[in-house]
Amino acid sequence: MLDIKLIRENPEKINELLKRRNPNLSINEVIQIDIERRAMQTQADELRAKRKIESQKIGELKKQGENTDEIQEDVRKIGDEIKFLEEKEVEFDQQQRNLLLNIPNIPDETTPIGKSENDNKIVSGCGEPTEAEFELRAHWDIVEEKGLVDFERGVKLSQSRFILYRGKGAVLERALINFFLDVHTKEHGYEEILPPVLVNSAAMIGTGQLPKFAEDMYKCENEDLYMIPTAEVPVTNIYQGEILAEEDLPKYMTAYTPCFRREAGSAGKDTRGLIRVHQFNKVELVKLTTPQTSHDEHLKLTKNAEKVLELLELPYRRLELCTADMGFSANKCFDLEVYMPSYNGYKEISSCSNFGDYQARRANIRYREKSSGKTQFVHTINGSGVAVGRAFAAIIENFQQEDGTIKIPRVLQPYTGFDTI
RNA sequence: GGAGAAAUGGCCGAGUUGGCUUAAGGCGGCACCCUGCUAAGGUGUUGUGGGGAGUAAUCUUCACCGAGGGUUCGAAUCCCUCUUUCUCCUCCA
């Protein structure tokens, strides 16, 4: 959520930045509510101060044994007024909060301005698109033929876009999870977290999934619990409402979880294979940092995600997302895309975002600055390190051999226990 | 799932015949002083959030004692609902 003070003091600037995302966005309504809200508060404050003094007088008068009926009646009337104003205050508060919760983060100054995903910038890459003397097949055909993934029975158990891994497929998926976690904990210094995969609405609001994107999530009936769309939600919210010591920052955390997405509005996209399913596995990287270091830490986190792709010898490229394509809560975002022969192009496998203090403000995650003793909002950063199912698909497609076998990347072999499928 | 107890500031812990308690005391933190280092000691200071005034240092005001309602002129203190924690029973991987 954006800082109301910042909005108050720089309305033109904020409006301009928001319009970089989407010309329809504006903070004008919030500013109006804010003005009315503050007037209401001042009024209520004054009345409360008056009541306090008068009530104390009643106490003293009573001690002296005097009659207080008249003054009590007067104060009671003040109380009625206060009650009325307080209801208004709550109303304005909620309105303002609601508006703020539905306004996306402002883009970082360095985020390229654009109108659509076509304006994303390719900033770097590693490896060349896989080519072969023989015809490269799509992973959905290969995994089905080899019995690595059972699409039909996944549908039988749940519904379409639910899949089940089996045999060497299940082992490969598990191997990838372990490999990613090992690299990030042992080589990059992240603490491993195994969080709940059902979280409450406060957590979902904290990271920005709610209130705006309720349709994208699975919700439990009769319970204030949602299935997480990413480990970002539980892991970022670990320190919700807390004040950390500056020495505790930066915090590096990584978590494997299944992720659940309804994929509302994605009908017809990526209908085959492992690319877009309702439940998938992901290893996530999350950082809490000071404002001073978040830029660097964001870059470092992105490189940590790239590292596993390099170790797996998968060709990829890094995109810098433009203002129009960036997620709701982010101020800057890099996407990593892996080369997929079946798409004859690159497919997103990781998204690494810096949120500035936007999520921290929603989730109320602060730290005490050592030099000043003041509390400040932390900056939050996260990225996939990386999506397991998509890495699985990428390996199947990029490591297929002419004889129909799949080679297992060298670094993964200790984890799978076999070197070909 | 059943029965009981509890929830106060960074932590521990007073405050339950409603008003003088934003909240004693201790610990921790910070600043200064003292001590030739270290240990110890002394003095002071130390919650969060919102509003208003000021260029600013700062001043001022309101709210907050698990959360939300209620009673009252006035609630940390009384009543109701919820949440969480602990103990006992039950159950269970």
Side-chain angles (χ1 to χ4, degrees), chain A residues 1-10 30-101 194-206 210 220 222-226 234 237-249 251 288 357-378:
Chain A
M1 150 168 86
L2 295 177
D3 183 4
I4 186 65
K5 279 186 195 155
L6 193 72
I7 292 178
R8 220 144 53 197
E9 284 157 22
N10 314 281
V30 189
I31 289 182
Q32 197 49 44
I33 295 278
D34 182 51
I35 291 169
E36 296 178 48
R37 199 202 93 244
R38 280 185 294 158
M40 204 64 69
Q41 191 189 342
T42 305
Q43 237 185 96
D45 273 5
E46 280 166 4
L47 282 177
R48 271 188 292 254
K50 193 170 167 193
R51 179 179 66 182
K52 202 180 190 177
I53 292 163
E54 296 296 311
S55 291
Q56 280 168 357
K57 265 191 214 161
I58 292 172
E60 283 161 28
L61 287 173
K62 278 200 165 169
K63 250 179 224 163
Q64 293 164 17
E66 303 207 16
N67 183 294
T68 56
D69 289 353
E70 205 173 311
I71 181 167
Q72 279 194 31
E73 177 58 20
D74 289 345
V75 179
R76 203 187 53 70
K77 280 180 191 155
I78 298 179
D80 289 343
E81 280 185 73
I82 291 175
K83 202 167 189 183
F84 175 77
L85 286 175
E86 277 178 343
E87 278 167 19
K88 285 275 178 205
E89 254 187 295
V90 170
E91 217 175 280
F92 279 111
D93 267 352
Q94 280 174 350
Q95 267 190 57
Q96 177 168 330
R97 186 172 161 78
N98 243 319
L99 285 172
L100 283 174
L101 286 177
L194 191 60
V197 298
L198 269 69
V199 302
N200 57 33
S201 52
M204 285 296 193
I205 288 169
L210 287 180
C220 293
N222 302 328
E223 296 252 27
D224 180 34
L225 288 172
Y226 296 79
N237 279 290
I238 287 175
Y239 294 103
Q240 181 195 103
E242 295 190 31
I243 301 174
L244 303 166
E246 186 172 350
E247 302 88 276
D248 294 339
L249 300 177
K251 284 222 177 279
L288 307 184
D357 64 7
Y358 186 88
Q359 289 182 329
R361 192 167 254 117
R362 284 169 161 256
N364 196 22
I365 308 170
R366 292 170 294 173
Y367 74 100
R368 197 172 296 283
E369 199 179 57
K370 202 152 195 249
S371 56
S372 66
K374 299 251 186 242
T375 54
Q376 290 219 38
F377 289 106
V378 302

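So that the names make sense, note that chain A is the first sequence line, chain B the second, and so on, each numbered from 1. Every value quoted in this text rests on a predicted model; they were computed, and no experiment measured them.
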Asker: Give a yes or no answer on whether the side chain of A:Arg362 reaches the backbone of A:Leu101 with a donor-acceptor pair at less than 3.5 Å.
Answerer: yes

Asker: Look through every strand shown and name the nucleotide pairing with B:rC88 as Watson-Crick or G-U wobble, where both distances are under 3.5 Å.
Answerer: B:rG2

Asker: Starting at atom OH of A:Tyr239, determine the distance to atom C1' of B:rG10, rounded to an integer number of angstrom.
Answerer: 16 Å

Asker: Using atom C1' in both nucleotides, what's the gap between B:rA63 and B:rG4 to the nearest angstrom?
Answerer: 35 Å

Asker: How many Å lie between CG on A:Asp74 and C1' on B:rG74, as a whole number?
Answerer: 15 Å

Asker: Just N and O in the side chain of A:Arg368: are any of them under 4.0 Å from OP1 or OP2 of B:rU48?
Answerer: yes

Asker: Let me confirm one number: the CG-CG distance from A:Asn67 to A:Leu61, rounded to the nearest 0.5 Å.
Answerer: 9.5 Å

Asker: Taking the side chain of A:Gln41 as its heavy atoms from C-beta onward, which of B:rC73, B:rC62, B:rG50 lies nearest to it?
Answerer: B:rG50

Asker: Round to the nearest Å and state the distance from A:Gln240 atom CD to B:rU48 atom P.
Answerer: 19 Å

Asker: According to the Watson-Crick and G-U wobble definitions, with both distances under 3.5 Å, which nucleotide is paired to B:rA67?
Answerer: B:rU81

Asker: Phosphate oxygens OP1/OP2 of B:rC73: is one of them under 4.0 Å from a side-chain N or O of A:Arg51?
Answerer: no

Asker: OP1 or OP2 of B:rG51 sitting under 4.0 Å from any side-chain N/O of A:Arg8?
Answerer: yes

Asker: Write down the distance separating the C1' atoms in B:rG9 and B:rG28, rounded off to the nearest Å.
Answerer: 13 Å

Asker: If you define the side chain from C-beta out and look only at heavy atoms, does anything of A:Asn364 sit under 4.5 Å from A:Phe377?
Answerer: yes

Asker: Rounded to the nearest Å, what distance is computed from the NZ atom of residue A:Lys77 to the P atom of nucleotide B:rG74?
Answerer: 14 Å

Asker: Counting heavy atoms not belonging to A:Glu70, are there more than 12 under 6.0 Å from its CD?
Answerer: no

Asker: What is the distance, rounded to the nearest whole Å, between atom CD of A:Gln96 and atom C1' of B:rG50?
Answerer: 11 Å

Asker: Check the surroundings of atom CZ in A:Arg8: do more than 12 heavy atoms from other residues, nucleotides or ligands lie under 6.0 Å from it?
Answerer: yes

Asker: Answer yes or no: does atom CG of A:Leu6 have more than 12 heavy-atom neighbours from other residues, nucleotides or ligands under 6.0 Å?
Answerer: yes

Asker: Only pairs with both distances under 3.5 Å count, Watson-Crick or wobble alike; so what is the partner of B:rA93 in this structure?
Answerer: none

Asker: Using the salt bridge (charged side-chain N to carboxylate O under 4.0 Å, His left out) rule, pick out the option among A:Arg38, A:Arg48, A:Arg37 that qualifies with A:Glu89.
Answerer: A:Arg48

Asker: In whole Å, measure the gap between the P atoms of B:rA6 and B:rC64 for me.
Answerer: 24 Å

Asker: Say you pick atom C1' in B:rC79 and the same atom in B:rU22; how far apart are they, in whole Å?
Answerer: 25 Å

Asker: Ignoring backbone atoms, test whether A:Arg366 places a side-chain nitrogen or oxygen under 4.0 Å from the OP1 or OP2 oxygen of B:rG49.
Answerer: yes

Asker: Assign each of A:Lys5 and A:Ala44 to its nearest nucleotide of RNA chain B by heavy atoms, then name whichever residue's nucleotide is nearer the 5' end.
Answerer: A:Lys5

Asker: Now, which nucleotide makes the Watson-Crick or G-U wobble pair with B:rA53, with each of the two distances under 3.5 Å?
Answerer: B:rU58

Asker: Find which nucleotide of RNA chain B each of A:Val75 and A:Glu46 is nearest to by heavy atoms, and output the residue with the more 5' nucleotide.
Answerer: A:Glu46

Asker: Is there a donor and acceptor pair closer than 3.5 Å between the side chain of A:Asp45 and the base of B:rG52?
Answerer: no

Asker: Considering Watson-Crick and G-U wobble pairs with both distances under 3.5 Å, what does B:rG28 pair with?
Answerer: B:rU46

Asker: Can you tell which of B:rC73, B:rC62, B:rG50 lies closest to the side chain of A:Gln72?
Answerer: B:rC73

Asker: Nearest-Å distance, CE (A:Met40) to P (B:rC62)?
Answerer: 19 Å

Asker: Roughly, in whole Å, what's the span from NZ in A:Lys50 to P in B:rC62?
Answerer: 14 Å

Asker: Between B:rG49, B:rU71, B:rG51, which nucleotide gets closest to the side-chain atoms of A:Thr375?
Answerer: B:rG49

Asker: Polar pairs (N or O, both sides) under 3.5 Å between protein and nucleotides 19-23 of chain B?
Answerer:
{"residue": "B:rG19", "atom": "N2", "partner": "A:Ser55", "partner atom": "O", "Å": "2.7"}
{"residue": "B:rC20", "atom": "N4", "partner": "A:Lys63", "partner atom": "NZ", "Å": "3.3"}

Asker: Evaluate the side-chain proximity of A:Lys83 to A:Glu87: yes if any heavy-atom separation is below 4.5 Å, no if none is.
Answerer: yes

Asker: When the P atoms of B:rU21 and B:rU43 are compared, how many Å lie between them, rounded to an integer?
Answerer: 24 Å

Asker: Would you measure the distance from the C1' atom in B:rA3 across to the matching atom in B:rU61 and give it in whole Å?
Answerer: 48 Å

Asker: If the P atom of B:rC78 is compared with that of B:rG2, how far apart are they to the nearest Å?
Answerer: 26 Å

Asker: Looking at B:rU71, B:rC73, B:rG51, which one has an atom nearest to any side-chain atom of A:Lys83?
Answerer: B:rU71

Asker: Find the partner of B:rA39: check Watson-Crick (N1-N3 plus N6-O4 or O6-N4) and G-U wobble (N1-O2, O6-N3) distances, both under 3.5 Å, and reply none if neither fits.
Answerer: none

Asker: Is B:rU22 paired to anything, Watson-Crick or G-U wobble with both distances less than 3.5 Å, and if yes, which nucleotide?
Answerer: none

Asker: A:Ala49 has a side chain; which of B:rU61, B:rG51, B:rG74 sits nearest to it?
Answerer: B:rU61

Asker: A:Arg37 has a side chain; which of B:rG50, B:rC62, B:rU71 sits nearest to it?
Answerer: B:rG50

Asker: Please report, rounded to the nearest Å, how far the P atom of B:rA63 is from the CG atom of A:Asp93.
Answerer: 15 Å

Asker: What integer number of Å spans the P atoms of B:rU38 and B:rA31?
Answerer: 15 Å

Asker: Only pairs with both distances under 3.5 Å count, Watson-Crick or wobble alike; so what is the partner of B:rU72 in this structure?
Answerer: none

Asker: Using a strict cut-off of less than 4.0 Å between a Lys/Arg side-chain nitrogen and an Asp/Glu carboxylate oxygen, indicate whether A:Lys57 and A:Glu60 qualify as a salt bridge.
Answerer: no

Asker: Could you grab the distance from atom CG of A:Leu99 to atom CG of A:Leu2, nearest 0.5 Å is fine?
Answerer: 11.5 Å

